[in-house]
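These notes are about the structure you will find just below.
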Protein chains: 2
Amino acid sequence: MECTNFQEYLKSNVGFSNSQFRELLPYLELEEIPKGKIIESKVGYDGNLFFVDKGLLRFYSVDVMGKERILQFAPENWFIGDRSNLQAMDANSPLYAYNIDAIEDSIVVRLTKDFGEKISKIAPQFTAINERLLQNHIVHLQHRINLLIGSSVRERYEDFVKMYPNLLQRVPQWMIASYLGVTPEGLSRVRHNIAKGE
Amino acid sequence: MECTNFQEYLKSNVGFSNSQFRELLPYLELEEIPKGKIIESKVGYDGNLFFVDKGLLRFYSVDVMGKERILQFAPENWFIGDRSNLQAMDANSPLYAYNIDAIEDSIVVRLTKDFGEKISKIAPQFTAINERLLQNHIVHLQHRINLLIGSSVRERYEDFVKMYPNLLQRVPQWMIASYLGVTPEGLSRVRHNIAKGE
DNA sequence: AACTGTTCTTAACATAAGTCAATCATTTCC
DNA sequence: GGAAATGATTGACTTATGTTAAGAACAGTT
């Protein structure tokens with residue numbers, strides 16, 4: 001099992017050389033996630049962050065009624081993870097269980113705390129890049145909130161199509177509906193209107 | 001004009017001593033923002049991040065129809081800023097202009113790039129703390145998205161009341177409505193139902 | 001105190017989206 | 001290949017929320 005995409009990512013974004021990557025290799029935990037399988041979070045690792053080397057994952061919550069709400073899709077070269085540390089998950093709010101599972105057969109790199117410390121030593125510029133990554137994520141989430149609080153389902157769907165045309169092919173429609181905050185029937189109707197109305 | 005809250009914040013969260021803070025002082029830009037005034041973003045500073053030392057600010061977008069959508073409130077000891085760098089604001093998406101203005105007379109600390117570099121030298125642990133801060137922000141935004149895509153206005157309002165009971169007193173209701181993604185009339189109705197239905 | 005502009009509430013009505021149920025299409029699995 | 005599960009569409013009906021408009025409460029100003 002290889003992680004060519006991760007190596008490529010580090011090369012082009014962090015400026016990793018092949019030898020630097022070889023130095024990092026022992027700290028990498030690769031995991032194969034077959035379609036439908038939930039990634040188990042390991043206790044002791046804070047954060048449980050993953051790099052998707054191949055495939056497609058989703059991050060979602062399940063409420064008390066069993067309804068799923070999809071918070072994020074992660075295709076190749078994306079990071080995904082439940083960032084809520086245990087401290088935040090106090091006894092008062094066991095309202096939502098967050099899960100990550102595979103929409104397609106996937107391969108992920110598990111990024112442990114050890115890994116974070118190691119890579120910062122090998123390539124100190126990683127810290128700054130990581131910060132930029134987090135900032136981008138925040139901008140991205142804000143954009144989504146902006147649409148959710150002020151735009152119609154149709155606008156949100158059209159934004160999704162523009163932003164992730166490739167996911168459109170790979171993600172079942174009912175999951176896109178969940179991501180957009182609409183029922184599958186609702187999204188179907190919106191698509192119908194777009195098709196005939198234009 | 002002083003920034004006692006910021007000093008206190010650095011002391012308790014970053015472990016700053018008074019002398020360390022004195023070393024940092026020359027790099028701090030304090031600004032007084034009277035109620036209603038928009039913070040001008042300065043070109044050349046990337047990010048325009050602020051620490052709210054006193055008062056209350058809001059971060060919001062304005063769409064083509066002139067409608068405001070409130071993305072964040074920031075009372076004392078919170079950070080607020082437009083993190084979208086110019087690169088992300090490309091010509092294809094001049095859809096939303098983001099603004100920050102003051103809901104109450106406020107005092108903010110403008111955190112420039114210079115400041116970031118300086119503080120990292122004075123207190124290296126700041127980097128890690130900053131990362132945790134960003135992570136928390138992400139968790140927070142995810143929680144909000146979770147509510148927006150799957151909960152009713154009533155549930156969102158009750159969550160807001162639980163999370164920010166103090167803001168309830170300080171923020172006009174129509175702004176809370178905007179934050180929750182509902183019209184002022186809609187929120188008024190929901191509050192009415194809560195009052196009589198319980 | 002009267003004036004002006006906000007903010008909040010209330011009501012009647014309109015509409016987008018949810019729910020339920022049936023049908024059809026597609027994939028998966030013996 | 002057929003059966004069974006899953007996914008998408010469509011229609012009838014319901015409901016939550018938006019829209020418009022009016023008035024009430026309140027704040028700030030002269």
Side-chain angles (χ1 to χ4, degrees), chain A residues 34-37 56 58 60 63-70 73 101-105 145-161 167-198, chain B residues 34-37 56 58 60 63-70 73 101-105 145-161 167-198:
Chain A
K35 177 176 177 177
K37 190 181 168 200
L56 176 59
R58 67 201 253 255
Y60 61 101
D63 66 20
V64 284
M65 306 293 292
K67 202 181 78 171
E68 297 177 357
R69 313 178 189 193
I70 298 181
F73 296 114
D101 69 15
I103 297 176
E104 303 171 354
D105 293 337
I145 289 175
N146 190 52
L147 289 176
L148 284 168
I149 65 179
S151 301
S152 64
V153 171
R154 175 166 179 162
E155 288 171 296
R156 276 176 274 161
Y157 176 69
E158 287 174 336
D159 180 81
F160 184 89
V161 171
L167 286 187
L168 220 55
Q169 322 301 325
R170 296 167 69 183
V171 178
Q173 196 170 300
W174 67 268
M175 286 192 189
I176 296 177
S178 169
Y179 180 93
L180 295 175
V182 69
T183 59
E185 298 93 331
L187 180 54
S188 177
R189 187 161 34 202
V190 164
R191 278 164 45 87
H192 179 83
N193 291 339
I194 291 175
K196 74 167 189 198
E198 282 178 2
Chain B
K35 177 175 175 176
K37 190 180 169 201
L56 176 58
R58 68 200 251 254
Y60 62 101
D63 66 20
V64 285
M65 306 294 292
K67 203 182 78 172
E68 295 175 1
R69 313 179 190 193
I70 298 182
F73 297 114
D101 69 15
I103 297 176
E104 303 171 354
D105 293 337
I145 289 175
N146 190 52
L147 289 176
L148 284 167
I149 65 179
S151 300
S152 65
V153 171
R154 175 167 180 162
E155 287 172 296
R156 276 176 275 160
Y157 177 69
E158 286 174 336
D159 180 80
F160 184 89
V161 172
L167 287 187
L168 219 55
Q169 321 300 325
R170 296 167 69 183
V171 177
Q173 197 170 299
W174 67 269
M175 287 193 189
I176 296 177
S178 168
Y179 179 93
L180 295 176
V182 69
T183 58
E185 298 90 337
L187 179 55
S188 177
R189 182 162 37 203
V190 164
R191 278 165 45 88
H192 178 84
N193 291 339
I194 291 176
K196 75 167 188 200
E198 282 178 2

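Lettering of chains follows the sequences in order, A, B, ..., and the numbering in each one begins at 1. Everything quoted here is computed from the prediction, not taken from an experiment.
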What distance do [X] atom [atom1] and [Y] atom [atom2] have between them, rounded to the nearest 0.5 Å?
| X | Y | atom1 | atom2 | value |
| --- | --- | --- | --- | --- |
| A:Ile70 | A:Arg58 | CD1 | CZ | 4.5 Å |
| B:Arg156 | B:Leu147 | CZ | CG | 8.0 Å |
| A:Ile149 | B:Glu68 | CD1 | CD | 11.0 Å |
| A:Lys35 | A:Ile103 | NZ | CD1 | 9.5 Å |

Minimum side-chain heavy-atom gap [X]-[Y] below 4.5 Å:
| X | Y | answer |
| --- | --- | --- |
| A:Tyr157 | A:Ile194 | yes |
| A:Leu168 | A:Phe160 | yes |
| B:Met175 | B:Phe73 | yes |
| B:Ile176 | B:Leu187 | yes |

Neighbours of DNA chain C within residues 170-179 of chain A, by heavy-atom distance under 4.0 Å: none

A:Glu158 side chain to A:Glu155 backbone, donor-acceptor under 3.5 Å: no

Report the distance from atom [atom1] of [X] to atom [atom2] of [N], rounded to the nearest whole Å.
| X | N | atom1 | atom2 | value |
| --- | --- | --- | --- | --- |
| A:Ile149 | D:dG18 | CD1 | P | 12 Å |
| A:Gln169 | D:dA8 | CD | P | 13 Å |
| A:Ile194 | D:dT9 | CD1 | C1' | 15 Å |
| A:Lys196 | D:dT9 | NZ | P | 14 Å |
| A:Ile103 | D:dG7 | CD1 | C1' | 14 Å |
| A:Tyr157 | C:dA17 | OH | P | 15 Å |
| B:Arg69 | D:dG18 | CZ | C1' | 14 Å |
| A:Leu187 | C:dA16 | CG | P | 16 Å |

Global bending angle along the helix from C:dA1-D:dT30 to C:dC30-D:dG1, which compares the axes of five pairs at either end, to 10 degrees: 50°

Sugar-phosphate only, base, or nothing, as touched by A:Val182 at under 4.0 Å among non-hydrogen atoms: sugar-phosphate

side-chain N/O A:His192 vs D:dT9 OP1/OP2, d < 4.0 Å: no

Chi angles and distances behind the side chain to side chain contact (heavy atoms under 4.5 Å, CB included) call for B:Leu167, B:Leu56: CA-CA 9 Å; B:Leu167 287 187; B:Leu56 176 58; 3.9 Å; yes

Salt-bridge present (A:Arg189, A:Glu185; N to O < 4.0 Å): no

Whichever of B:Arg191 and A:Val153 has its nearest DNA chain C nucleotide further upstream toward 5': B:Arg191

Per-nucleotide protein contact string for nucleotides 19-30 of chain D, where B marks a base within reach and S marks sugar-phosphate only (heavy atoms under 4.0 Å, - for neither): BB----------

